[in-house]
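For ligands, and for the atoms within them, numbers begin at 1 and follow the listed sequence. For the single chain, residues carry numbers from 1 onward in sequence order.
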Amino acid sequence: MKKKGMLITLEGNEGCGKSTQIKLLYQFLKKKQRRVFLTREPGGTRVGDAIREILLDNKNKSLTAVTETLLYMASRAQLVEEIIAPRLAKGEIVLCDRWSDATVAYQGFGGSVDAKWIQSLAEKATQGVKPALSLFLDLPLAVGLRRAVSHKKADRMERKALLFHQRVRQGYRWIARQEPSRFRCLQIVPKDSIEVVHEKIKLEILRVLES
Ligand code: TMP
C-alpha cells in the first residue's frame, strides 16, 4: 500500500525556542531515514516570504486584525498549493513552523476576529489538509517575551502587549480543548534545556509515527 504523507506542526508562545526545536526534529527524522521537509509560516514560498515581510514590518502599525488574518491565510494557501499538498501526496513528512491554529490564537483570540470565520477560511486555504499532530510549546509568557525581545530586534508581533499574548495563549488552550488528540500542549519550564525539550517533543512524535 502507498505510504501516506503526514503533516506535523509546531506552535508556541514568543521566545519558546520553537524554531530551534523544529530544526532538531527535522534532523532527528532525517537520521531515522524518513523523507521529511521543513517549512514555515508565514512564508515558505516566494509569495509567502513577501507577505511575511509586510506582516512583521514594524512600520506597518496600521494593519488591522482582519487584514492580518487575510494575509496569513494568503501565505498559507500558497504554501499548501505549492509545497505542502504535493509533498504529502508523495508520502513525505512535512514539518511546518506554525499553522492556521496560529491565526485562530493570534488574530482570533488576540485580535478579536471571529474564530469560526477564521476556521472556515482556513478550511479553504488549506484544501482540507489537516496536521496529524500539532504541538504547542507552552513556556511561561513573561520568560518567552523577555527572551524574544533580548535575542534580536523585536518584530511587530513580539512588540504587542503582554495582555495580547495572554489572550493568544488562551486561544491555543481553547484549540487543545476542542481537538485534544491532534493539538497537544507541552509544558516547558524555564530551566528545561534544549535537549530536554527535544526529548519531550520526540516522545509525542514517535507516538504518532508509530501509531
Ligand atoms: P514566528 O514567530 O513563528 O516566526 O511567527 C511570526 C509571527 O507571526 C509570530 O508572532 C506569530 C505570528 N502569526 C500570527 O499572528 N498569525 C498566524 O497565522 C501565524 C502563522 C503567525
Kindly list each side-chain donor-acceptor pair under 3.5 angstrom involving residues 63-77, sequence neighbours excluded, with atom names and distances?
from	atom 1	to	atom 2	distance (Å)
T64	OG1	V66	N	3.4
T64	OG1	T67	N	3.0
T64	OG1	T67	OG1	2.8
E68	OE1	Q107	NE2	2.8
E68	OE2	R156	NH1	3.1
E68	OE2	R156	NH2	2.9
T69	OG1	A65	O	2.8
S75	OG	G43	N	3.0
R76	NE	E41	OE1	3.0
R76	NE	E41	OE2	2.8
R76	NH1	T103	OG1	2.9
R76	NH2	E41	OE1	2.7
R76	NH2	W99	O	3.3
R76	NH2	T103	OG1	3.0

Practice task
Select all protein residues for which some heavy-atom-to-ligand 1 distance is less than 4.0 Å, and list them by chain and number.
Solution key: E14, K18, E41, R52, L56, Y72, R76, D97, R98, A102, T103, Y106, Q107, M157

Would you be so kind as to tabulate the donor-acceptor pairs closer than 3.5 Å made by side chains of residues 111-122, with sequence neighbours excluded?
from	atom 1	to	atom 2	distance (Å)
D114	OD2	W117	N	3.2
S120	OG	W117	O	3.0

Problem - Pairs satisfying salt bridge (Lys or Arg N to Asp or Glu O under 4.0 Å), at least one member in residues 174-184, at least two apart - result: D101-R182, E179-R182, R184-E204

Handout entry: Heavy-atom pair with the smallest gap, counting every atom of P131 and T9
Key = CG-CG2, 3.8 Å

Practice task
Examine Y106 and W174 and state if one hydrophobic cluster contains both, with Ile, Leu, Val, Met, Phe, Trp and Tyr joined whenever side-chain heavy atoms are less than 4.5 Å apart.
Solution key: yes

Handout entry: Hydrophobic cluster membership, V36 vs L38, 4.5 Å side-chain cutoff
Key = yes

